[in-house]
Undergrad: 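Take this structure first; my questions come after.
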4 protein chains.
Amino acid sequence: MSEEVQRAPERAKRLPRAVRERQILDAAVSVFSRYGYHAASMDEISDVAGVSKPMIYTYLGSKEDLFGACIRREAARLLEAIQAGIQPEVAPDMQLWHGLRSFYRFVAEYRESWTVLHRQALTVGGSFAEEVTAMRGRAIELVAALVVSAGSRKGLAAEAERSGEGLAAALVGAAESLADWALDHPDIPDGVLASWLMNLVWLGFNDLVEGDVWKPTGAQ
Amino acid sequence: MSEEVQRAPERAKRLPRAVRERQILDAAVSVFSRYGYHAASMDEISDVAGVSKPMIYTYLGSKEDLFGACIRREAARLLEAIQAGIQPEVAPDMQLWHGLRSFYRFVAEYRESWTVLHRQALTVGGSFAEEVTAMRGRAIELVAALVVSAGSRKGLAAEAERSGEGLAAALVGAAESLADWALDHPDIPDGVLASWLMNLVWLGFNDLVEGDVWKPTGAQ
Amino acid sequence: MSEEVQRAPERAKRLPRAVRERQILDAAVSVFSRYGYHAASMDEISDVAGVSKPMIYTYLGSKEDLFGACIRREAARLLEAIQAGIQPEVAPDMQLWHGLRSFYRFVAEYRESWTVLHRQALTVGGSFAEEVTAMRGRAIELVAALVVSAGSRKGLAAEAERSGEGLAAALVGAAESLADWALDHPDIPDGVLASWLMNLVWLGFNDLVEGDVWKPTGAQ
Amino acid sequence: MSEEVQRAPERAKRLPRAVRERQILDAAVSVFSRYGYHAASMDEISDVAGVSKPMIYTYLGSKEDLFGACIRREAARLLEAIQAGIQPEVAPDMQLWHGLRSFYRFVAEYRESWTVLHRQALTVGGSFAEEVTAMRGRAIELVAALVVSAGSRKGLAAEAERSGEGLAAALVGAAESLADWALDHPDIPDGVLASWLMNLVWLGFNDLVEGDVWKPTGAQ
DNA sequence: GATGAATGAGCGTTCATTCAT
DNA sequence: TATGAATGAACGCTCATTCAT
């Protein structure tokens, strides 16, 4: 409601270390997500956290360390949220759908976490991009596995097999892009977003599996 | 006399303004794409451009102005490249396919342009993200129009209509993500990349248009 | 119960103040001697001492106070060591020799003490340099007295009288410099070092006392 | 006369690089000599130099680089001053005497140079101490060579030979210490200071060379 | 037209020092 | 008694930007 930056309660004193660390990480995620790694300043983070700068260095280390801690915490949160939404006993398509719903629920609820992971982590040199990319890779593999587990029941078509990795990358990109789009359309329920994507994933792949590929027609 | 390779002395010789501006923009795109907006330094840009710093300020204005000029020039290049590849007289699916091919050809040939547009422009606060997002929006609309122009011949299903904009966003994201993936797999020809995506776009949409939607089964 | 080496728990157990002060001073001397006054950090001192930082401030005061306490304690130790080595009943030259031996023995055994006094105390602004310089002055006077006590038996030559204080300063510097040199040559016994210096002091002074001075020859 | 720190003329503008570098080095030597390496601040150096801080970094590099440049410049100055004072055609003792006179003249005229070299350079970790120590080593060798060139005419006694390096270190220390002492006694002419030291060097060594050594008497 | 010279402002980081328990 | 928690103040360094030539 307030149009000011949300600040931690005024000068609470002598809190245990774990609490302070959480405050700092919360503030850091917020500031990093708003400005990006380079434009964010430790001064602002400490202001938002309601903590002096030396505390940050004592508890979380350098700016780079702090950013890394943010990335790791938010990545863990995201993965946890997705896994919590999946019920392993249902059919693969329903697993995928539930996973997507959890994903869109998470993105809607923790926009800042999502922004840090999706936008900011990739522009910082060093190992952060790699870490996030690796996580993305795991997501791609997971999607591919689920899809294939359905496709294998029918005998996966040669075409689908060849394009597998690339298509998975495309699909993960589609899911992310839809997440960004959904941030500007908060009225669309996560179930619907997930269904849209399922239609792409499921129908498109099913067609492929059945050998029903699109091919360019005519010259060139 | 000189024992060096014979070469016009680099000490800039009154080049016309347009040439200088191109030098500077080329250098800026290269440096921005490598380090991102904030981590890039005007010093390095002027070094790479072979031009003194005041020159940059005289011709292109502030760092932010310079970045904006880069974004606009590269965006125009990209759009131009795509439009040059499209033949308006062919069928919509072939138009889309040719557009995608041109897109992947451009990304492969001008990685730096693509990086600046796709990765760096979105992390800078201010109007850049909006500009690029707007361009993305135009791309989304264009894709949607092509798809719909095919769909409308069959009577676009209600489902497809409702999910249109969101799905388009997803598809653009898929195309971008596949572009990134393709940067690490330069051996895949652009025609193949475009075909992969067409299979997603066309088959998926066709299914939708025919009312063949995926739906969650069971409770919840 | 514990699987560690049995050892009184380091978690300090109400040790008497004097013991704590000694721990702290020992650590401080060690750290100051290694890094110098400014580069030494209270954190490292408290770590080495195995004592919390507030303890240091409670017992020894500020960093400057602490350094002063180090200087004074080590200076007292050095003087004490030298005086303990001197036998007042023997001839002046033997007194000087014994004093020097004790000095070199001390330097070899307590390098850190010597480093703090000789190297670090002089570069800190304020009163420390003066204190150490004053101590040095007392040493100079003592040497001069011993030398003169021998010389006076022969009637001190006018030249020696005039140059007395300066030459004493030079001799103390020679002794100190030889001490530094000896730190890199630990195999030379202190008696030998002392003898080398005696040859400079005694023979040189004796010559002077006997009026056998060196004089520039020729023009200028 | 003024009791304020001497400042460079107010904001002289657009000077050539070489001039600025000299201004900066002058200021740096002055500030480093007063406070030592660690306590000196780049802000104060830039104030005293009448130059902004970025200039220092542009022209001379980091604080450590700057300190190194000071050390090297002043060391070169000192060596140059000494060598300029030596006349190679005169007798060895006169060469030594002239060298010492030049040394004391230099110390009196450029106290700050001397302070930086003698006191401050040794307390900074890294290669500075080694550099200065190496220079000191060359001085020691030079003194030893001159002394020996006289001694060899008489056949250098075994004792002198054995104690050679140590005694040389002692003598250099004596010269340095006398230099410090002379800073507080500016009325003593450099010729006199040099003579005092000659008496130590020449007479002491001559005695040694003639086998006239001091030896401890009695027990222990 | 073109640039070497110059800086204000700010950032990441550290350190001596003090509360509250 | 003893300390974990906390910070004000400063420092080294860099960068976008401009002026004088």
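To find a chain, count down the sequence lines: A is the first, B the second, and so on, and within it residues start at 1.
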Undergrad: In this structure, how many angstroms lie between the C1' atom of E/dA5 and the CZ atom of D/Arg22, rounded?
TA: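 After rounding, the reported distance stands at 17 Å.
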Undergrad: Of A/Pro16 and D/Ser41, whose nearest nucleotide on DNA chain F comes first from the 5' end?
TA: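 With A/Pro16 and D/Ser41 compared, the 5'-side residue is A/Pro16.
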Undergrad: What's the CG-C1' distance between C/Leu66 and E/dC15, to the nearest Å?
TA: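 Going from C/Leu66 (CG) to E/dC15 (C1'), I get 15 Å.
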Undergrad: Do C/Ser127 side-chain atoms and C/Glu130 backbone N/O form a donor-acceptor pair below 3.5 Å?
TA: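 The answer is no, because no donor-acceptor pair under 3.5 Å joins these two groups.
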Undergrad: What about A/Lys53, does its side chain sit under 3.5 Å from the base of E/dT13 through a donor-acceptor pair?
TA: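 Such a pair exists between side chain and base.
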Undergrad: Rounded to the nearest Å, what distance is computed from the CZ atom of residue A/Arg14 to the P atom of nucleotide F/dT3?
TA: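 For the pair A/Arg14 CZ and F/dT3 P, the rounded distance is 15 Å.
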Undergrad: Could you pull out the closest heavy-atom pair between A/Ile56 and A/Leu66, with the gap in Å?
TA: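 Distance-wise, the nearest heavy atoms are CG2-CD2, 4.0 Å.
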Undergrad: Counting Watson-Crick and G-U wobble pairs whose two distances are both under 3.5 Å, find the runs of 3 or more in a row that involve DNA chain F.
TA: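 Stems for DNA chain F, defined as runs of 3 or more consecutive pairs: E:2-21 with F:2-21.
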Undergrad: Ignoring backbone atoms, test whether D/Arg20 places a side-chain nitrogen or oxygen under 4.0 Å from the OP1 or OP2 oxygen of E/dG4.
TA: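 Indeed not, no polar side-chain atom of D/Arg20 lies that close.
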Undergrad: D/Ile56 CD1 to F/dC11 C1': how many Å, rounded?
TA: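 It works out to 13 Å between those atoms.
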Undergrad: Kindly say whether B/Glu44 contributes a backbone atom to a donor-acceptor pair with the side chain of B/Asp47 at under 3.5 angstrom?
TA: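 Such a contact is absent between B/Asp47 side chain and B/Glu44 backbone.
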Undergrad: May I have the distance from A/Asp65 (atom CG) to E/dT14 (atom P), rounded to whole angstrom?
TA: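 Going from A/Asp65 (CG) to E/dT14 (P), I get 10 Å.
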Undergrad: List the atom of D/Glu74, the atom of D/Ser113, and the distance in Å for their closest heavy-atom pair.
TA: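 For D/Glu74 and D/Ser113, the tightest heavy-atom pair comes out as OE1-OG, 2.6 Å.
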Undergrad: Give the rounded distance in Å between these two atoms: CG of C/Leu15 and C1' of F/dT3.
TA: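 That distance rounds to 15 Å.
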Undergrad: Mind running a 4.0 Å heavy-atom check of residues 57-64 of chain A against DNA chain E and sending the residues that fall below it, in number order?
TA: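 When residues 57-64 of chain A is checked for heavy atoms under 4.0 Å from DNA chain E, the hits, listed by number, are A/Tyr57, A/Ser62, A/Lys63.
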Undergrad: In whole Å, I'd like the distance from the OH atom of B/Tyr35 to the P atom of F/dA16.
TA: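 Rounded to the whole Å, the gap is 13 Å.
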Undergrad: Which comes earlier along DNA chain F counting from the 5' end, the contact point of D/Asp43 or that of B/Met42, where each point is its nearest nucleotide?
TA: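 First, find each residue's nearest nucleotide; the 5'-ward one identifies D/Asp43.
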Undergrad: C/Arg72: which residues meet the side-chain contact (heavy atoms from CB on, under 4.5 Å) condition with it, sequence neighbours left out?
TA: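 side-chain contact (heavy atoms from CB on, under 4.5 Å) check on C/Arg72 returns C/Glu131.
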Undergrad: Counting any heavy atom closer than 4.0 Å, what does C/Ala39 reach on the DNA or RNA strands: base, sugar-phosphate only, or nothing?
TA: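 C/Ala39: no heavy atom of the nucleic acid under 4.0 Å.
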Undergrad: What verdict does the side-chain contact (heavy atoms from CB on, under 4.5 Å) test give for D/Glu64 and D/Phe128, after you've listed the backbone C-alpha separation in whole Å, the side-chain angles of each residue and the deciding distance to 0.1 Å?
TA: CA-CA 9 Å; D/Glu64 202 168 329; D/Phe128 299 119; 3.5 Å; yes
Undergrad: Have a look at D/Arg17 and say if it touches a base, only the backbone sugar-phosphate, or nothing, with a 4.0 Å heavy-atom cut-off.
TA: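 The residue D/Arg17 makes sugar-phosphate contact but no base contact.
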Undergrad: For the residue pair B/Phe32 and B/Tyr37, does the interplanar ring angle fall in the parallel (under 30°), tilted (30 to 60°) or perpendicular (over 60°) class?
TA: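 B/Phe32 and B/Tyr37: parallel rings.
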Undergrad: Within a reach of under 6.0 Å around OH of A/Tyr59, are more than 12 heavy atoms found that belong to other residues, nucleotides or ligands?
TA: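 Yes, enclosed.
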Undergrad: Check every atom of F/dC15, E/dG4, F/dA6 against the side chain of D/Pro54 and return the nucleotide holding the closest atom.
TA: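 Minimum distance to the D/Pro54 side chain belongs to F/dC15.
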Undergrad: Is a side-chain donor-acceptor pair under 3.5 Å present for A/Arg34 with A/Ser30?
TA: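 The answer is yes; a qualifying pair exists.
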